[in-house]
Amino acid sequence: MEKVFIEPTRTTPLINFDPEEGLLEMKGRSSPENSIQFYQRVLDNLDEYAVSGGPEITANIAFEYFNTSSSKCLFDVFKRLSKIEDSGKKITINWYYEEGDDDMMEAGEDYSDLLDLNFNFFEIEEDDL
């Protein structure tokens, strides 16, 4: 299982997955040309983490925008986190959204409800996202 660090671009988010620290961060805008290809390394590493990772993982998610194909990939990320939780590990999911961005808050609520996962919701100022 390897550390995954991807610098953000205009169309892709910052991705930082550090299995030794038990930390997954995704932040920014997500509208890559091929979302499945972009997120595959994260998904593969989460699969591995479920089997041989540490006792807990914290996911800090802070998107200002994601497109439809990215939303499917995010669903897959949360499915992996649910699987990790089902294996007896502790997961914490922190969902950050811009002040007044009800759509992004509701997107997090939808993921939480669909997969029966507990999310912590944090409204933050635009400059902090």
Side-chain angles (χ1 to χ4, degrees):
M1 173 171 30
E2 65 183 30
K3 182 174 181 174
V4 176
F5 185 81
I6 302 170
E7 288 282 350
T9 69
R10 194 173 48 76
T11 60
T12 60
L14 168 105
I15 301 281
N16 179 29
F17 178 57
D18 187 337
E20 286 186 21
E21 294 291 321
L23 177 67
L24 170 62
E25 295 176 304
M26 298 190 294
K27 178 179 178 177
R29 298 180 60 81
S30 184
S31 57
E33 278 191 35
N34 187 334
S35 296
I36 294 169
Q37 182 180 345
F38 179 79
Y39 284 97
Q40 193 61 53
R41 282 178 56 205
V42 174
L43 295 172
D44 291 345
N45 277 276
L46 286 172
D47 285 339
E48 209 172 314
Y49 194 90
V51 175
S52 60
E56 63 184 276
I57 187 166
T58 298
N60 295 318
I61 313 298
F63 283 102
E64 57 186 84
Y65 170 81
F66 55 82
N67 64 9
T68 305
S69 63
S70 293
S71 71
K72 167 65 170 104
C73 294
L74 293 176
F75 183 78
D76 290 341
V77 166
F78 294 125
K79 277 198 318 195
R80 297 319 197 270
L81 290 171
S82 180
K83 181 179 170 185
I84 289 168
E85 185 176 57
D86 290 345
S87 75
K89 299 173 196 261
K90 179 179 186 266
I91 64 163
T92 302
I93 302 172
N94 299 316
W95 184 270
Y96 298 89
Y97 60 95
E98 279 183 28
E99 197 172 19
D101 189 348
D102 294 339
D103 291 338
M104 193 57 70
M105 181 191 71
E106 289 171 8
E109 289 173 342
D110 289 345
Y111 287 124
S112 176
D113 292 343
L114 284 168
L115 293 161
D116 196 28
L117 288 168
N118 291 322
F119 280 41
N120 301 310
F121 292 92
F122 300 97
E123 186 175 48
I124 57 175
E125 292 184 23
E126 183 177 347
D127 295 343
D128 295 334
L129 194 65

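Atom CD1 of Ile15 is separated from atom CG of Leu24 by 7.0 Å, given to the nearest 0.5 angstrom. Taken to the nearest 0.5 Å, the CG atom of Leu43 stands 10.5 Å off from the CZ atom of Phe17. Of the inter-residue distances, the one linking Arg80 atom CZ with Lys83 atom NZ reads 7.0 Å to the nearest 0.5 angstrom.
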Exercise for the section: Test Thr68 against Ser71 for side chain to side chain donor-acceptor pair (under 3.5 Å), laying out the working first. Expected result: CA-CA 5 Å; Thr68 305; Ser71 71; 5.4 Å; no
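A donor-acceptor pair under 3.5 Å links the side-chain atoms of Asn45 to the main chain of Arg41, judged by distance alone. Using modelled atom types, no side-chain atom of Trp95 and backbone atom of Glu109 make a donor-acceptor pair closer than 3.5 Å. In this structure, the side chain of Ser70 engages the main chain of Ser30 through a donor-acceptor pair within 3.5 Å.
Between Glu123 and Tyr96, the closest side-chain pair of non-hydrogen atoms is not below 4.5 Å. Contact of the Tyr111 side chain with the Glu106 side chain is not registered, since no non-hydrogen atoms from C-beta on lie closer than 4.5 Å. Using a 4.5 Å heavy-atom cutoff, the side chains of Leu81 and Leu46 are in contact. No side-chain heavy atom of Asp116 sits under 4.5 Å from any side-chain heavy atom of Ser82. Here the side chains of Leu114 and Phe75 are in contact, with some heavy-atom distance below 4.5 Å. The shortest side-chain heavy-atom distance between Asp44 and Val42 does not fall under the 4.5 Å cut-off.
More than 12 heavy atoms of other shown residues, nucleotides or ligands fall within 6.0 angstrom of atom CG in Asp86. Other residues, nucleotides and ligands place more than 12 heavy atoms under 6.0 Å from the CG atom of Asn34.
A salt bridge between Lys79 and Asp76 is present, with a side-chain N of the basic residue lying under 4.0 Å from a carboxylate O of the acidic one.
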Show me the donor-acceptor pairs within less than 3.5 Å that the side chains of residues 52-63 make with the rest of the protein, sequence neighbours left out.
| unit_1 | atom_1 | unit_2 | atom_2 | d |
| --- | --- | --- | --- | --- |
| Ser52 | OG | Glu48 | O | 3.2 |
| Asn60 | OD1 | Asn94 | ND2 | 2.8 |

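Under the 4.5 angstrom side-chain criterion for Ile, Leu, Val, Met, Phe, Trp and Tyr, the cluster partners of Leu14 are Phe5.
Cation-pi geometry between Lys89 and Tyr49 is met: the NZ or CZ atom falls under 6.0 Å from the ring centre, inside 45° of the normal.
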